[in-house]
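In what follows, every heavy atom counts, from backbone to side chain, and hydrogens, waters and symmetry copies are set aside.
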There are 2 protein chains.
Amino acid sequence: MKKQQLTECPLFYGLGEHEIEDALSLFSATQISYEKGAHIMTLSDKSTQFWLVLSGTVHVCCDDEEGHHMIMAVVTPFHTFGESLCYLGLHSGVYAEAKTNVTLLSLDGSILREPPHSSLQFLLQQRFTAMLARKALEMNARIQILCKRSIRDKIFAMFTHYGGQSNGRAFSLPFDRAGMAFYLGVDRSALSRELCRLEDGGYISFSKNEFYWHFH
Amino acid sequence: MKKQQLTECPLFYGLGEHEIEDALSLFSATQISYEKGAHIMTLSDKSTQFWLVLSGTVHVCCDDEEGHHMIMAVVTPFHTFGESLCYLGLHSGVYAEAKTNVTLLSLDGSILREPPHSSLQFLLQQRFTAMLARKALEMNARIQILCKRSIRDKIFAMFTHYGGQSNGRAFSLPFDRAGMAFYLGVDRSALSRELCRLEDGGYISFSKNEFYWHFH
DNA sequence: ACAAATCCGTTGCCGTTGCAACACAAAATA
DNA sequence: TATTTTGTGTTGCAACGGCAACGGATTTGT
């Protein structure tokens, strides 16, 4: 386990080596690996834990009755998932799937709910709350994207959100075309079609998950 | 100010009268009223406070460059808005609008970020975090609705979410038809059209904001 | 009570998008 | 290398939905 890199986590940002060790122990952290395609958090888990991604990509998703797939969240290294359910002690109709081989840290949420015995514990509680707040803002942005009326506008909104407003710069997205379609709540082939129209129009260019944003 | 009713808030649930008074004082609570149509939280506010709705309805919304209106959240009595921004000390591109005459409690978030001096303060911190977690789940549900591919499916998803799964029961929605359309990210007239198709098909009946859900 | 504003359904038009099916390329596997 | 699996673009078609414009009903305000 590379404790160095943990300072990049919103949860552990800026902590010293010893503090991180203490924090991991408070959370009863356990490292787990899953192979690509594995299901991590299942539908019925009433979880007392949440997860931190060390490497790889995880999708939090669900499927409706008609078999439609939806992606609730894309979790990249140093970010977490399952915190809300963990904190509330609930289960829900979502599951997490490893989109690549992943290594995770399983963290027990108990220490978040007891009065803090140390300043470190209090700090972690603060960080946890801040993470939830950030997640809310993140989901707000997602909702703004999904509310756009056309695929084109969804793409533009997503690009400005992911690629920053910087013009002419390249950026990559953490999913393939099918994943992108699920994320935007549109049909994959229709997305493909619209992306090519944008390329023909000179707005963007792309190859695989690498995109170029030509001008405003 | 009716302190009685505050026990219905997720934030103050189950607290005694004295505790609620203490809590309000910790939050430096101030009651404010706004008239229908007024803007409460503006785009540029770097807020140190969040708001609790005592009566009336507030919409948290934003408009994009093309002038499209979007509703991020509908806030009904005893619920709050602006907590995420408050906790993070950020401002954002959303604003809050009073959809009816409203009375609010303005709450200062400072006490949420300091080590708790009392068990009450700790409890409030816990409640606040739980509120954020619930909000995340709520937004997850919203995302699931928005990801549906057709207006009809969005309506169904919204009904099952708002009206419970109970069959044959009535429920009301906290917005008018235009608000509902914004909430679902669709055109108002198209929504109207689809609602009438559903009524013709015998799936639902409705009048104003009151809806009947006929069978599963 | 009257005027103004708001809310809601209706309709025609046509571009957009979902859907299914297929072809091809690249990558993974044996 | 041969074979399978996965990822991506393409296309035809029909239905859906966005848009604009309108009219009637209800509500609000004076």
Side-chain angles (χ1 to χ4, degrees), chain A residues 35-37 57 59 64 66-71 97-101 145-158 172-201 204-211, chain B residues 35-38 56-57 59 64 66-71 97-101 145-158 172-201 204-211:
Chain A
E35 290 193 346
K36 175 177 178 175
T57 302
H59 283 188
D64 65 14
E66 294 96 11
H68 266 142
H69 188 71
M70 288 176 288
I71 295 183
E97 181 180 348
K99 296 306 287 184
T100 63
N101 291 344
I145 292 172
L146 288 172
C147 276
K148 301 286 181 189
R149 301 279 169 75
S150 66
I151 293 184
R152 170 169 298 216
D153 285 343
K154 288 183 186 180
I155 293 172
F156 281 153
M158 183 184 200
S172 61
L173 296 177
F175 27 55
D176 59 20
R177 215 57 95 244
M180 185 173 171
F182 288 134
Y183 188 83
L184 295 178
V186 300
D187 182 71
R188 184 193 59 79
S189 71
L191 170 62
S192 206
R193 189 193 301 158
E194 192 61 34
L195 280 173
C196 290
R197 279 187 198 149
L198 285 175
E199 190 170 36
D200 290 346
I204 64 171
S205 56
F206 60 92
S207 137
K208 307 260 304 172
N209 309 333
E210 300 288 330
F211 291 86
Chain B
E35 290 192 348
K36 174 177 179 176
T57 302
H59 283 188
D64 65 15
E66 294 96 11
H68 266 139
H69 188 72
M70 287 175 289
I71 295 183
E97 182 180 348
K99 296 306 287 183
T100 64
N101 291 344
I145 292 172
L146 288 172
C147 275
K148 300 287 180 188
R149 300 277 170 74
S150 66
I151 293 185
R152 170 169 297 216
D153 284 344
K154 287 182 186 180
I155 293 172
F156 280 153
M158 184 185 200
S172 62
L173 297 177
F175 26 56
D176 59 20
R177 213 58 94 244
M180 185 173 171
F182 287 134
Y183 188 84
L184 294 178
V186 300
D187 182 72
R188 184 192 58 80
S189 70
L191 170 63
S192 207
R193 190 192 300 158
E194 192 60 35
L195 279 173
C196 291
R197 279 186 197 149
L198 285 175
E199 190 170 36
D200 290 345
I204 63 171
S205 55
F206 59 92
S207 141
K208 308 262 304 174
N209 308 335
E210 300 288 331
F211 290 85

Could you tell me how far apart N101(A) (CG) and dA28(C) (P) are, to the nearest whole angstrom? 11 Å
Go through the structure and list residues passing side chain to side chain contact (heavy atoms under 4.5 Å, CB included) with N101(A), not counting sequence neighbours. E35(A), K36(A)
K99(A): salt bridge (Lys or Arg N to Asp or Glu O under 4.0 Å) partners, not counting sequence neighbours: none
Please, which pairs that meet salt bridge (charged side-chain N to carboxylate O under 4.0 Å, His left out) have at least one residue in residues 175-191 of chain A, sequence neighbours excluded? none
Dump every N/O contact between nucleotides 23-30 of chain D and the protein below 3.5 Å, one line per pair.
none

Can you measure I155(B) atom CD1 to dC16(D) atom C1' for me and round it to whole angstrom units? 13 Å
Nearest whole angstrom, please: distance from the C1' of dT8(D) to the CZ of F211(A). 11 Å
Could you check whether any side-chain heavy atom of I155(B) comes within less than 4.5 Å of a side-chain heavy atom of L195(B), counting everything from C-beta outward? yes
Pairing residues for F211(B) by the ring-ring contact (aromatic ring centres under 6.0 Å, His included) criterion, not counting sequence neighbours: F159(B), F206(B)
Would you call L173(B) and M158(B) a side-chain contact if the rule is heavy atoms closer than 4.5 Å? yes
Kindly write out the residues that satisfy side chain to side chain donor-acceptor pair (under 3.5 Å) with R193(B), not counting sequence neighbours, or none if the list is empty. none
Restricting to side chain to side chain contact (heavy atoms under 4.5 Å, CB included), what partner residues turn up for S150(B), sequence neighbours left out? R152(B), D153(B)
How is F206(B) classified with respect to the nucleic acid when contacts are heavy atoms under 4.0 Å: base, sugar-phosphate, or nothing? sugar-phosphate
Please identify each residue that fulfils salt bridge (Lys or Arg N to Asp or Glu O under 4.0 Å) with R149(B), with sequence neighbours left out. none
Nearest whole angstrom, please: distance from the C1' of dT10(C) to the CG of D200(B). 12 Å
In short, the helix from dA1(C)-dT30(D) to dA30(C)-dT1(D) is bent end to end, axes from five pairs each side, to 10°, by 60°
Can you check the F182(A) CZ to dT8(D) P distance for me, whole Å? 12 Å
Apply ring-ring contact (aromatic ring centres under 6.0 Å, His included) to H69(B) and list each qualifying residue two or more places apart in sequence or on a separate chain. F182(B)
Once side chain to side chain contact (heavy atoms under 4.5 Å, CB included) is applied, do any residues pair with E210(B), and if so which ones, sequence neighbours excluded? S172(B)
Please report the distance, rounded to the nearest Å, between CG in L195(A) and C1' in dT8(D). 11 Å
Distances under 3.5 Å between protein N/O atoms and the N/O atoms of nucleotides 17-24 of chain C, please, pair by pair.
residue	atom	partner	partner atom	Å
dT17(C)	OP1	I151(A)	N	2.5
dG18(C)	OP2	D187(A)	N	3.1
dG18(C)	O6	R193(A)	NH2	2.9
dC19(C)	OP2	R149(B)	NH1	3.1
dC19(C)	N4	S189(A)	OG	3.3
dC19(C)	N4	R193(A)	NH2	3.2
dA20(C)	N6	S189(A)	OG	3.4

